[in-house]
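Chain letters run A, B, ... following the sequence lines, proteins first, then strands; residues in each count from 1.
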2 protein chains.
Amino acid sequence: MKVGLDKKKIIEAAADMADKKGIANVTLKVLAEELGIKPPSLYKHFSGGLEELNKELMLYGWRSLESEITRAAIGKAKDDAIIAICYAYRNFVAKHKGLFEAMQWYNMYQSEEHLKATEGTVSILFQVLEAYGLSEEQKVHIVRMLRGFLQGFVSIESHGGYGNPTPLNDTFDFALKTILNGIRDLQGETEQ
Amino acid sequence: MKVGLDKKKIIEAAADMADKKGIANVTLKVLAEELGIKPPSLYKHFSGGLEELNKELMLYGWRSLESEITRAAIGKAKDDAIIAICYAYRNFVAKHKGLFEAMQWYNMYQSEEHLKATEGTVSILFQVLEAYGLSEEQKVHIVRMLRGFLQGFVSIESHGGYGNPTPLNDTFDFALKTILNGIRDLQGETEQ
DNA sequence: CTACAATAGCTAATGTGATTAGCTAAAACA
DNA sequence: TGTTTTAGCTAATCACATTAGCTATTGTAG
């Protein structure tokens with residue numbers, strides 16, 4: 001006994017397990033087993049039980065994604081930065097399918113907390129968009145479109161929902177190019 | 001007894017309940033209650049239990065969406081048709097939040113079945129794209145981008161994930177315009 | 001070094017929902 | 001009318017989450 005666990009270790013184990021077996025298979029029973037303790041002991045770390053664990057998992061996921069994205073954007077600007085960020089997002093999800101499920105799945109319950117969680121990621125996109133000289137509203141549209149496309153594309157991709165053999169990389173590049181063109185068009189409007 | 005239920009009625013009740021209380025709250029217990037029967041009786045209609053019910057819910061959702069989309073596209077072509085389809089998709093989800101959760105949530109488990117379910121919706125998009133004289137591959141890119149954007153945008157929107165007060169309609173229109181421009185650019189490439 | 005406070009872990013018990021087994025009566029049909 | 005089918009039921013089981021209450025380790029004040 002006294003295995004020496006803490007919230008962080010437990011969340012990381014849960015995230016790992018989610019990536020391997022899917023979030024739906026992360027149960028307190030099996031998680032406790034993995035950690036070498038009994039299910040009730042988990043309540044010493046998460047008094048809110050499974051619900052709280054899932055929430056923490058969601059927050060952990062968004063924090064991790066944010067840091068990946070930040071790293072990816074370092075030293076880049078404008079289109080290069082956006083492309084790097086989008087690829088970082090996509091790669092993150094490819095590596096963390098289960099965690100991404102938690103990030104999404106949890107939507108269904110919370111909303112306040114979820115907004116805060118995504119805040120970081122969203123603000124990075126806004127920062128990058130500063131360089132284009134767009135209006136606030138224009139930036140909002142771009143960020144929303146990017147978020148929507150990224151979440152949907154990556155979600156469908158990770159579930160094998162795109163059946164056609166055409167390489168997904170090509171589609172991803174095409175979509176990014178299309179969105180970047182959209183930004184250019186907005187700049188045109190603004191500069192007139 | 002002999003209430004006279006069948007698969008269809010049960011699925012519709014479940015879909016309704018999902019829209020009202022969220023898919024996670026559609027339990028066999030509560031569904032049976034709603035239908036005036038006992039939980040075990042549901043197994044007479046869904047021998048696979050909750051799992052099968054969820055699958056049927058997913059299929060029902062995609063069939064419904066397909067028919068909405070089809071109706072929306074009647075008598076329209078090109079950009080008008082695409083815009084109508086996208087709005088139909090978005091409106092469908094606004095009216096059927098819970099069912100949409102089922103359509104998505106179920107991804108996590110199946111894949112074969114999900115592919116077939118979305119087939120109908122995808123093929124409508126392909127049909128509409130016929131009018132633009134694009135290559136097969138170009139059509140694939142457009143359809144994938146549209147699907148990705150729609151699913152992501154609408155999913156974030158329906159969970160209240162877009163915090164900014166800027167009207168979501170404006171963003172939706174902007175995004176559609178951007179994608180339609182993308183189609184125009186591809187036409188340019190092809191026609192050269 | 002010792003007493004004691006805090007706490008991470010445990011066992012036992014409870015609760016909720018899904019599921020299975022087996023019964024029964026209504027409905028359908030020869 | 002007699003027989004078969006079947007939708008529904010009750011009782012029982014299972015799986016997992018959760019709660020209550022105990023215990024031993026840890027860490028800390030004196």
Show me, pair by pair, the donor-acceptor contacts under 3.5 angstrom made by side chains of residues 71-93 of chain A, not counting sequence neighbours?
from, atom 1, to, atom 2, distance (Å)
A:Asp79, OD1, A:Tyr132, OH, 2.4
A:Asp79, OD2, A:Arg184, NH1, 3.3
A:Asp79, OD2, A:Arg184, NH2, 3.3
A:Tyr87, OH, A:Asp173, OD1, 2.5
A:Arg90, NE, A:Glu157, OE1, 3.0
A:Arg90, NE, A:Glu157, OE2, 3.3
A:Arg90, NH1, A:Asn169, OD1, 2.7
A:Arg90, NH2, A:Glu157, OE2, 2.8
A:Arg90, NH2, A:Asn169, OD1, 3.2
A:Asn91, ND2, A:Tyr87, O, 3.1

Please check: side-chain N/O of B:Arg147 versus main-chain N/O of A:Gly161, any donor-acceptor pairing under 3.5 Å?
yes

d(NZ, B:Lys44; C1', C:dA27) in whole Å
15 Å

Can you check whether A:His45 has a side-chain N or O nearer than 4.0 Å to OP1 or OP2 of C:dT7?
no

Strictly distance-based, threshold 3.5 Å: is any side-chain N or O of A:Asp19 a donor or acceptor partner for the main-chain N or O of A:Leu99?
yes

Side-chain donor/acceptor pairs under 3.5 Å, residues 30-42 of chain B, sequence neighbours excluded:
from, atom 1, to, atom 2, distance (Å)
B:Ser41, OG, B:Lys38, O, 3.3

Would a single hydrophobic cluster contain both B:Leu115 and B:Val122, if residues Ile, Leu, Val, Met, Phe, Trp and Tyr are joined by side-chain heavy-atom contacts under 4.5 Å?
no

May I have the distance from A:Leu31 (atom CG) to D:dA17 (atom C1'), rounded to whole angstrom?
13 Å

Do any N or O atoms of the protein come closer than 3.5 Å to N or O atoms of nucleotides 18-21 of chain C, and which pairs are they?
from, atom 1, to, atom 2, distance (Å)
C:dA18, OP1, B:Leu28, N, 2.9
C:dA18, OP2, B:Leu28, N, 3.2
C:dA18, OP2, B:Lys29, N, 2.9
C:dT19, OP2, B:Tyr43, OH, 2.6
C:dT19, OP2, B:Leu50, N, 2.9
C:dT19, O5', B:Tyr43, OH, 2.7

OP1 or OP2 of C:dA8 under 4.0 Å from side-chain N/O of A:Ser41
no

What integer distance in Å separates B:Ile10:CD1 from D:dA7:P?
10 Å

Which whole-number value in Å describes the distance from A:Asp6 CG to C:dT7 P?
14 Å

Determine, for A:Glu136 against A:Lys139, whether the closest basic-nitrogen to carboxylate-oxygen distance falls under 4.0 angstrom.
yes

Measure from CG on A:Asn54 to C1' on D:dC16 and round the result to the nearest Å.
14 Å

Between the base of D:dG8 and the side chain of B:Lys38, is there any donor-acceptor pair under 3.5 Å?
no

Rounding to a whole Å, what distance do you find between A:Leu5:CG and C:dT7:P?
16 Å

Between C1' on D:dT6 and CG on B:Leu42, what's the gap in Å once rounded to a whole number?
15 Å

Whole Å only: how far is the NZ atom of A:Lys9 from the P atom of C:dA8?
12 Å

Does a salt bridge link B:Glu12 with B:Lys8, judged by any charged N lying under 4.0 Å from a carboxylate O?
yes

